[in-house]
Amino acid sequence: MSIGRRAVPPEFLQQLRDRVDIVPLVSSYAEVIRRGRTYWACCPFHHEKTPSFCIYDEEQSFHCYGCGVSGDVFTFIMKIENLDFLDAVQLLAKRVGLPLPEYKSDVDVVALKKKRDRFLSLLNDANEHYKSNLIKSEKAVEYLKKRELTEKEVDEFEIGYSLGWEDVVKYLRNKGYSDEDMLEVGIARKNETGILYDFFAFRLMFPLLNKFGDCVGFSGRDLDGTSPAKYKNSTQSIVFDKSSTIFAFNKVKKLSMSQKIEYVILCEGQIDVIAMHKAGFQTAMACLGTALTEMHAKEISRVCKKVILCLDGDSAGVNATLKALPILRLQGIEVKVASITGGKDPDEVIKVCGKEKMQEIIENAMDSVEFEIRALAKQYNLNDIADRTKFISGAFKILSVFKTYSEKEIYVPIISSLSNISSTVIRSDLNKNSTYSVQNIESTQKKEDTYSLDALIKSQQFILASLIYGKDFAKLEEGFDLCLKNPSLIKIYEFVMEKKAKNEKINVASIFDLFDEDDIDESVNDIIGFNIDAFGDSAEKHFKKCVQKIKLKQLDIEQELALKALKEEKDANKQSELLKKINEIIIKRNNVNKSGGD
C-alpha cells in the first residue's frame with residue numbers, strides 16, 4: 001500500500017522543492033557535467049559508461065534516457081536512499097532546515113505509516129529469528145545438503161527455519177509485538193480454541209524482500225512431504241502484495257545499477273532461483289509459484305526488456321509459459337523460452353548435467369512465437385487431416401501478432417515442417433488468410449488500429465510535452481479532445497489545461513505531485529523525458545501534424561459510431577440521416593488532411 005505525495009500539503013512540497021536544488025542534490029551522489037542549459041550524469045540507477053541521466057535545472061526534474069526513469073528531488077532521494085516518500089520528505093526537510101508540517105489526517109496517514117514501519121520491523125525480527133533457528137534443525141540442514149546449498153547461499157538468501165507452532169509467537173511477544181500485528185501481517189493464525197500459532201510451523205523459511213530490500217513476507221517450504229501445499233506464502237497485507245512481489249528481484253535490481261543486464265531469467269520456484277544464482281546465473285528470479293501478473297511484468301520491464309522464461313518442463317510449466325507470453329509482450333518485453341525436457345526443473349539440470357548444460361539451454365532459448373507454434377502442434381494428431389487443418393488455422397492466429405508478411409515469413413518453414421505441407425502452400429494460404437478470410441477481418445482491423453495507435457500515442461506525447469514545457473506554438477482550440485485513454489495522461493492533461501485556463505506557469509516537477517510513487521508508470525516518464533528540442537526548427541510544424549492526427553482520430557471514431565448505427569438502423573429516414581452524417585464526416589476528414597492540422 002502506497003503512502004505518498006497526497007499525504008503532504010502540496011504547498012509544503014513546492015516550498016521544499018524550491019529550497020532543494022536538484023543539481024547539487026544529484027551531484028552529491030554522481031559526477032555531474034553541464035551541457036548548455038542542462039546537466040548530465042551517468043545514471044545512478046543503472047549501469048552505463050556514457051551519461052544519459054539528464055537533470056533539468058529550471059524544471060527541477062530529471063530523466064534518464066537509458067533506463068527511462070523520471071522524477072523530481074523526492075523521487076531521486078527515494079530511489080538513491082531506498083526510502084518511502086514520507087521518509088524522503090523528512091530527510092530533505094532536515095537537509096535544508098525546513099520544519100515538517102502536519103500530515104493530512106483525513107486518511108490517517110501518520111497511523112498508517114507507523115503501522116507499516118511496525119510490520120516491517122516485526123517481519124525483520126521474525127526473519128532474524130528463523131535464520132538463527134536453521135542450525136537447530138537437523139532435518140533442515142540435511143535438506144539443504146541434499147539440495148547442495150552451501151553456507152554462502154544460505155547467508156545470501158537468508159534462509160531460516162520455523163522450529164514449531166509456538167516458537168516465533170513467543171519470541172515476537174517478548175519483543176513487544178501484539179497478537180493482532182502477528183495476525184494481520186500473516187505470520188500467525190488462531191486455532192479453534194483461540195490459541196495463536198506459527199502459520200509456517202516446521203517449514204524451511206525464505207524471506208520475501210521488496211525492491212528496497214525490506215522483508216515483507218515469507219515463503220515456507222514443507223520438508224516432510226505430508227502437507228498438500230509444498231509452499232505456503234504470506235497473506236496479503238499493507239506491506240506485501242503477492243501479485244507484484246518477485247523472489248530475488250531486489251538482487252537483480254541492485255545488479256542492474258552496477259552492470260548492464262542482457263536478460264532476466266524467470267524461474268518457477270525459490271530453490272530453482274538459488275541454484276541458478278549459485279551456478280552463476282545472477283539475473284534469475286521467480287514469481288512465488290503464482291501466475292505472472294501485469295504488475296510482475298511492469299516491475300521486470302523497469303530492469304530489463306528481455307526475458308528468458310525457464311519454467312519447469314512439465315505440462316503445468318508449459319501452460320504457465322504460454323499464459324506469461326502475452327503479459328510480458330504487452331510491456332514491450334522481448335521473450336524467449338528455455339525448454340527443459342523430461343519434466344525437469346533448472347535445479348535438477350544443474351545437479352545432473354552441470355551449469356554448462358544450463359548455459360547451453362539458456363543460449364539456445366527458443367523464440368517465443370516458435371514455442372507457441374510447437375506447443376500448439378503437440379495438441380493435435382498431425383497425421384489426421386482435420387487436426388492438421390486446425391493446427392494450421394491456430395498457427396496463423398498466433399502469427400496475427402505480426403503486422404508484416406516478412407515477419408510471418410520466418411515461421412512458414414516451421415509450420416510446413418510440423419504439418420508436412422509445403423512452404424509454398426502454407427505461404428499462399430497465409431496470404432489469403434491475411435487478406436480475404438472473413439474470420440480475420442476483425443484481427444486485421446485490430447492490427448491496423450495497433451499500428452495507428454503507435455502514431456497516435458506519439459502525437460499525444462508530443463502535444464502533452466509541448467504544453468507542459470510551455471512551448472509558444474503549443475496552442476489548442478477550446479474543447480479539443482486529445483483522445484486519451486491512459487488515466488495517468490488524462491490526469492496530466494486536465495492539470496495542464498487547468499493551469500492554462502488560469503494563465504499560470506506550469507512547474508514540471510509539480511506534475512509528480514499528481515501521483516503516488518507506485519502510480520507513476522512509463523507513460524508519465526515518457527512525457528517528462530520527451531525531447532522536444534530534438535525536433536529543432538521543425539517542432540512547430542510537427543505539433544500541427546500531431547494535432548492533425550488527433551483530429552483524424554476523432555473523426556474516425558465518429559465515423560465508426562455512425563457506421564455501426566447505420567448497420568443497426570431499420571428506419572429508412574434515419575438511415576438517410578446517418579448516411580448524410582457519414583458523408584459530412586468524410587468531407588471534414590478531407591479538409592483536415594488538406595489543412596495539415598491548421
**Side chain K505, main chain K499, donor-acceptor under 3.5 Å** = no
**Sidechain-backbone polar pair: Q282 side chain, H277 backbone, donor-acceptor under 3.5 Å** = yes
**Complete:** Here the gap from I550 atom CD1 to L484 atom CG, rounded to the nearest 0.5 Å, amounts to 7.5 Å
**Asked** Is the cationic atom of K551 (NZ for Lys, CZ for Arg) positioned less than 6.0 Å from the six-membered ring centroid of F480 and within 45 degrees of its normal?
**Response** no
**Complete:** Residues at least two apart in sequence or cross-chain that pass salt bridge (Lys or Arg N to Asp or Glu O under 4.0 Å) with K471, listed by chain then number, are D533
**Asked** Taking the side chain from N486 and the backbone from S488, do they hold a donor-acceptor pair closer than 3.5 Å?
**Response** yes
**Short side-chain to backbone donor-acceptor contact, S121 and D117, under 3.5 Å** = no
**Request:** Using the side-chain contact (heavy atoms from CB on, under 4.5 Å) rule, take L209 and V216 through it: C-alpha gap first, then chi angles, then the decisive distance, then the call.
**Result:** CA-CA 6 Å; L209 310 182; V216 294; over 6 Å; no
**Message:** Within the structure provided, determine whether C43 and C67 are in side-chain contact (heavy-atom separation under 4.5 Å).
**Reply:** yes
**Message:** With heavy-atom distances below 4.5 Å as the criterion, would you say the side chains of N210 and T245 are in contact?
**Reply:** no
**Request:** Please examine the side chains of S219 and Q270, heavy atoms only from C-beta on, and report whether any two atoms are closer than 4.5 Å.
**Result:** yes
**Asked** Any idea which heavy atoms bring F218 and P207 closest together, and the distance?
**Response** CD2-CA, 3.7 Å
**Request:** Please test I586 against Q559 for side-chain contact (heavy atoms from CB on, under 4.5 Å), starting from the C-alpha separation and ending with a verdict.
**Result:** CA-CA 8 Å; I586 292 169; Q559 185 173 328; 4.1 Å; yes
**Asked** Do you know which two heavy atoms are closest between C304 and Y263, and how far apart they sit?
**Response** SG-CA, 3.6 Å
**Message:** Before you tell me yes or no, could you show the steps for F53 and C42 under side-chain contact (heavy atoms from CB on, under 4.5 Å), namely the whole-Å CA-CA distance, both residues' side-chain angles and the distance that decides it to 0.1 Å?
**Reply:** CA-CA 6 Å; F53 188 86; C42 284; over 6 Å; no
**Item:** Polar contact flag, side-chain donor to acceptor under 3.5 angstrom, Y29-E81
**Value:** yes
**Item:** Heavy-atom side-chain contact between L255 and K251 under 4.5 Å
**Value:** no
**Complete:** Between T321 and the options L292, L266, V337, the side chain to side chain contact (heavy atoms under 4.5 Å, CB included) test singles out V337
**Request:** For residues C215 and L120, report the shortest heavy-atom separation together with the two atoms involved.
**Result:** O-CD2, 3.6 Å
**Asked** Mind checking whether Y56 and F62 have ring centres under 6.0 Å apart?
**Response** no
**Asked** Counting only N and O atoms by type, is there a donor-acceptor contact under 3.5 Å from the side chain of S237 to the main-chain atoms of F240?
**Response** yes
**Message:** Could you check whether any side-chain N or O of H296 sits under 3.5 Å from a backbone N or O of I246, counting only pairs where one atom can act as donor and the other as acceptor?
**Reply:** no
**Message:** L123 vs N127, test: side-chain contact (heavy atoms from CB on, under 4.5 Å). Steps then yes/no.
**Reply:** CA-CA 6 Å; L123 289 163; N127 186 34; over 6 Å; no
**Asked** With a 4.5 Å limit on heavy-atom distance, are the side chains of F76 and F45 in contact?
**Response** yes
**Asked** Below 4.0 angstrom, N of the basic side chain to O of the carboxylate: do R34 and D57 qualify?
**Response** no
**Prompt:** So do the side chains of R589 and D556 get within less than 4.5 Å of each other, counting heavy atoms only?
**Reply:** yes
**Prompt:** Does the side chain of Y39 reach to within under 4.5 Å of the side chain of S27, using non-hydrogen atoms?
**Reply:** no
**Presence of salt bridge, K502 and E498, under 4.0 angstrom** = yes
**Item:** Nearest heavy atoms of V96 and R19, plus distance in Å
**Value:** O-NH2, 3.1 Å
**Request:** Step through it carefully: locate the ring centre of F512, locate the ring centre of F85, and say whether they are under 6.0 Å apart.
**Result:** no
**Asked** What about the rings of F535 and F462, do their centers lie closer together than 6.0 Å?
**Response** yes
**Message:** Once rounded to the nearest 0.5 Å, what's the spacing between atom CG of L552 and atom CD of Q554?
**Reply:** 9.0 Å
**Item:** Audit row: F157, F206, ring-ring contact (aromatic ring centres under 6.0 Å, His included) steps and yes/no
**Value:** CA-CA 7 Å; F157 288 90; F206 300 94; 8.5 Å; no
**Message:** Among residues at least two apart in sequence or on other chains, which ones pass ring pair (Phe, Tyr, Trp, His ring centres under 6.0 Å) with F495?
**Reply:** none
**Message:** Restricting to side chain to side chain contact (heavy atoms under 4.5 Å, CB included), what partner residues turn up for F199, sequence neighbours left out?
**Reply:** R189, K232
Side-chain donor-acceptor contacts of residues 10-18 below 3.5 Å, not counting sequence neighbours, with atom names and distances?
from : atom 1 : to   : atom 2 : distance (Å)
Q14  : OE1    : R17  : NH1    : 2.8
Q14  : NE2    : D18  : OD1    : 2.9
R17  : NH1    : D513 : OD2    : 3.4
R17  : NH2    : D72  : OD2    : 3.2
R17  : NH2    : D513 : OD1    : 2.7
R17  : NH2    : D513 : OD2    : 3.0

**Fill in**
Scanning both residues in full, the closest heavy-atom pair of C483 with Q460 reads O-NE2, 2.9 Å
**Prompt:** What pair of heavy atoms forms the shortest contact from S301 to I333, and how long is it?
**Reply:** CB-CD1, 3.8 Å
Using residues 180-187 as the side-chain source, report each donor-acceptor pair under 3.5 Å to any protein atom, sequence neighbours left out, with the distance given to one decimal.
from : atom 1 : to   : atom 2 : distance (Å)
D181 : OD1    : R118 : NH2    : 3.4
D181 : OD2    : R118 : NE     : 2.6
E184 : OE1    : K115 : NZ     : 3.2
E184 : OE2    : K115 : NZ     : 2.5

**Request:** Working to the nearest 0.5 Å, report the span between CD1 of I463 and CD1 of I527.
**Result:** 10.0 Å
**Fill in**
Exactly one candidate in I80, V73, I55, V32 meets side chain to side chain contact (heavy atoms under 4.5 Å, CB included) with L25; the answer is V73
**Prompt:** Can you pull the salt bridge (Lys or Arg N to Asp or Glu O under 4.0 Å) pairs that have at least one residue in residues 321-332, sequence neighbours excluded?
**Reply:** R329-E372
**Item:** H46 and E48 side chains, donor-acceptor separation under 3.5 Å
**Value:** yes
**Request:** Under the side-chain hydrogen bond (donor to acceptor under 3.5 Å, both in side chains) rule, what do H542 and E540 come out as? Steps first, then yes or no, please.
**Result:** CA-CA 5 Å; H542 186 69; E540 183 173 357; over 6 Å; no
**Request:** Answer yes or no: is there an ion pair linking K298 with E294, defined by an N-O contact shorter than 4.0 Å?
**Result:** yes
**Request:** With the side chain counted from C-beta on, respond yes when H63 and V69 share a heavy-atom pair under 4.5 Å apart, and no when they do not.
**Result:** no
